[in-house]
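Remember, predicted model here, so these are calculated numbers, not experimental data. As the structure lists them, so they are numbered: ligands from 1, and atoms in each ligand from 1. One is the number of the first residue; the rest follow in order along the sequence.
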Amino acid sequence: MIKVLGNNANKKFMKKFKGMKLGFVLFFIIVFNFAGLGQQEASLNYDTAAKVWTEALPVGNGRLGGMIYGGVAQEHIQFNEETLWAGEPHDYAHQGAKNYLGEIRQLLTDGNSKAAHKLAQDHFMSEPLKQLPYQPFGDLYLNFENHEEFTNYRRSLDLSSAISKVSYTAKGVNFTRDVFVSHPDQVMVVRLEADKKGSLSFEVNMDAEHEEKKLTSNDNQQSLEIAVKDGALHGAARLKVETDGSLTEKDGVLSIANASSATIYLTAATNYINFRDVSGNPAELVEDYLAEIEGESYEQIKTNHLEDYQELYNRFSVDFGDNGQSAKTTDQRIYDFWKNPDDPELLALYIQFARYLTISTSRPGTNPSNLQGIWNDKMVPPWLSGYTTNINLEMNYWPVEITNLSECHEPLFKFISELSESGSVVAKEHYDADGWVAHHNVDLWRGAAPVNASHHGIWVTGGAWLSTHIWEHYLFTMDEQFLKDRYPLMRDAAIFFTDFLYKDPNTGYLISSPSNSPEIGGLVAGPTMDHQIIRALFRNTIEAAKVLGEDEELVMKLNALIPEIAPNQIGQHGQLQEWLEDKDDPDVHHRHVSHLWAVYPGNEINLFDTPDLMKAAKQSLEFRGDNGTGWSLAWKVNFWARFRDGNHAYKILHGLLSPAEEPLRKNKGGSYPNLFDAHPPFQIDGNFGGTSGILEMLVQSHLEGIELLPALPDALPEGEVSGLCARGGFELSFKWKDGILENLEVLSKKGGTCRLAYGDNITIIETKKGETYQFNGSLKEMK
Ligand code: FUC
């Protein structure tokens, strides 16, 4: 960990980084050239309208989301509001479950797993057994008469402005539509223009799939009220139209005629206030949102949007060079990448798209990004479009710090805080323990109890894994106030495990039982992943307590427990054991690779401290193979980067960026035409995990310092990155050519020691807060 540096830290850092092989060391000094570095253009482009949802383009402001189809005769924007879910406030804990904990443990210890499963299924699962789904909200339709014939069709999503555009020519008139969702003004904006006066005519109406719905209009406004079928939530959407043409209303539909331009402002809200309170008034909220933009011009609202969005987006840029592929449509590029993975700009686009998705789904005050971000068109979406914590939810936040979007991590912290409340009830009812616990799935109601089935639902380290994000955020920002505010969540997650860990009569180790290694092997005693996560949580809590000068006694207790926890073990096939017993099957190619958690996102297993375990982990990954669902591929990219095998990481990325719907790829993970990650079906985690994987090839800062280009693949021989964040509070800009670092600029945001490594070159400098330091490719500081 970079945070806590002992007296001999510098020596240790040197030692750790000994043995790193570079091959070449640069001896010449390169003239710095960051002046030319700018924001690269990044856009998704198409020459036809979307036929299906995974071709439509996403827009969002963290709360409101839209999927734009871009049809000419009919525009369809399917929209969501992030708090519209089925269900109602409910804690899911199973009263009296704790009475069965001892017996379930004993059955597992005795090897009677069948009886353990049955007992757990009958008495230990959440009430009710299933959680509830995220819901679509509604649809906006714009119908244009006489637009059947058209030419010059283009459809795009510009990532630098977060504006989606459609343009075409019909009857000699050039038409354009711009759509964005404003965060400052909380409205979706659809701007339509025709370049010939008075030639824009269309009808507007909203609709929804909900059985309970009501559409009303008056003057230039239209309202849609809906209620979910199973539950306490209802919502209101409201739009208003401003135009220089005529506006009439008939049967709820608004008609615009003879206009040159028209702007639609749409907003939506529900009665959800928080996971315990549904007393909101959505009709009032949407009225207020629209009242707040009354009198503001379209130009002003667009300017507000751009200022707000670009303040986040423009902090980071990446350029891998462009070999001409970017002139093609995005769907074609994905197809061509599958055939020949030589489109470095597509990787840069993938990174910026993930940043766009982060900004569009996660803003301070919103809910975190669920399995589909905020976009969903199904009443029963895959896996309920929930918050799955045994990999997916965390993966959504893997690149958030590195890509300089630290405040977009906040929704996750708020979520953890709420989850700790429901999780403390579950800790008591299921485990008779203090602190809090969360299992593998969570819904809007912060359900923390084990759901669905004992063989995958009883997995106890969901809350612990999430809590590691608090420490990570601190490492990247060095923000002590943040740590002080959120530390109790880590501490209480750790306290749960001080009660929960159980001395295994067979081995004498402290183990996690009952639990599972997600989602393979059933209910077991002592899965490796749990122990890795619990140790990481304990270590983080110890470090955090030291920073804050708190909880000395707890620190002593955690320090004493860590060596008692079952260690990582190497098994008969040279593999890292997934379980306490040496029973891994090398022929199993399961999508989850949970026992490698300590390689990534953890750091307990690494090349310097534990080379043998690293070798075993690599062996395990080789057994699992190179295929997988979208998120599984994404995770493997990160592993291979940590194994310092950039070419293998790139091989996996090749799959992740290949067409999901290509029949010859037989339902593998990949990308849809709109660059959404395919599990399949659509699941947003792979977009984020793939992005963190690419960045792990460029910079790693999970050990004592910052390593430049630790796993650069041959396919990315040159590039330029700016605004990339590393642990310790540093922001990096650097450039490489022919696979060799040319120069580096480090901004120290908080001061302190900065340890840099590139190949055999190591530089340690004391930095001052706010200062920028420049280095040549051999890490020699340039004054
Ligand atoms: C976990 C995974 C599945 C899927 C689901 C949402 O259960 O095993 O593959 O991603 O989450």
Novice: Ion pair present between Glu578 and Arg624, side-chain N to carboxylate O less than 4.0 angstrom?
Specialist: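 Looking at Arg624 together with Glu578, the answer is yes, because their closest N to O distance falls below 4.0 Å.
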
Novice: Below 4.0 angstrom from a heavy atom of His679, which ligand 1 atoms are there? Numbered from 1 as shown, please.
Specialist: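 Answer for ligand 1: 3 (C), 4 (C), 9 (O), 10 (O).
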
Novice: Which of these, Asn516, Asn390, Asp530, sits in a side-chain hydrogen bond (donor to acceptor under 3.5 Å, both in side chains) with Trp459?
Specialist: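 Between Trp459 and the candidates, side-chain hydrogen bond (donor to acceptor under 3.5 Å, both in side chains) is satisfied uniquely by Asp530.
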
Novice: Give the atoms of ligand 1, by number and element, whose distance to some non-hydrogen atom of Asn392 is under 4.0 Å.
Specialist: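 Here the atoms of ligand 1 in question are 1 (C), 10 (O), 11 (O).
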
Novice: Below 4.0 angstrom from a heavy atom of Arg591, which ligand 1 atoms are there? Numbered from 1 as shown, please.
Specialist: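 That gives atoms 2 (C), 3 (C), 8 (O), 9 (O) of ligand 1.
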
Novice: Could you walk me through whether Trp383 and Asn392 satisfy the side-chain hydrogen bond (donor to acceptor under 3.5 Å, both in side chains) test, starting with their C-alpha distance in whole Å, then the side-chain angles of each, then the deciding distance to 0.1 Å, before giving a yes or no?
Specialist: CA-CA 11 Å; Trp383 292 285; Asn392 320 87; over 6 Å; no

Novice: Are any of the N or O atoms of His440 closer than 3.5 Å to those of ligand 1?
Specialist: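 No; every N/O pair is 3.5 Å or more apart.
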
Novice: In the protein, what heavy atom is nearest to atom 1 (C) of ligand 1, and what distance, to one decimal place, separates them?
Specialist: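 Looking at atom 1 (C) of ligand 1, the protein heavy atom closest to it is Glu519 OE2, 2.9 Å.
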
Novice: Taking only heavy atoms of Leu371, which atoms of ligand 1 are found under 4.0 Å from at least one of them?
Specialist: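 The list of qualifying atoms is 6 (C).
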
Novice: Between CZ of Phe676 and OG of Ser671, what distance do you get to the nearest 0.5 Å?
Specialist: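 OG of Ser671 is found 11.5 Å from CZ of Phe676.
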
Novice: How long is the span from the OH atom in Tyr397 to the CZ atom in Phe415, to the nearest 0.5 Å?
Specialist: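 Here the interatomic distance stands at 9.0 Å.
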
Novice: Consider ligand 1: state whether an atom of it lies below 4.0 angstrom from any non-hydrogen atom of Thr629.
Specialist: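 Contact absent.
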
Novice: Before signing off on this row, confirm whether His592 and ligand 1 have an N or O atom pair separated by under 3.5 Å.
Specialist: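 For ligand 1, there is an N or O atom that lies under 3.5 Å from one belonging to His592.
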
Novice: Check Gln683 against ligand 1 and report side chain, backbone, both or neither, counting heavy atoms closer than 4.0 Å.
Specialist: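 For Gln683, the contact with ligand 1 is made by the side chain alone.
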
Novice: Shortest non-hydrogen contact from Phe496 to Ala427?
Specialist: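 That would be CD1-CB, 3.7 Å.
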
Novice: With sequence neighbours excluded, what pairs up with Glu401 under the salt bridge (Lys or Arg N to Asp or Glu O under 4.0 Å) test?
Specialist: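 Per chain and number, Glu401 pairs via salt bridge (Lys or Arg N to Asp or Glu O under 4.0 Å) with no residue.
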
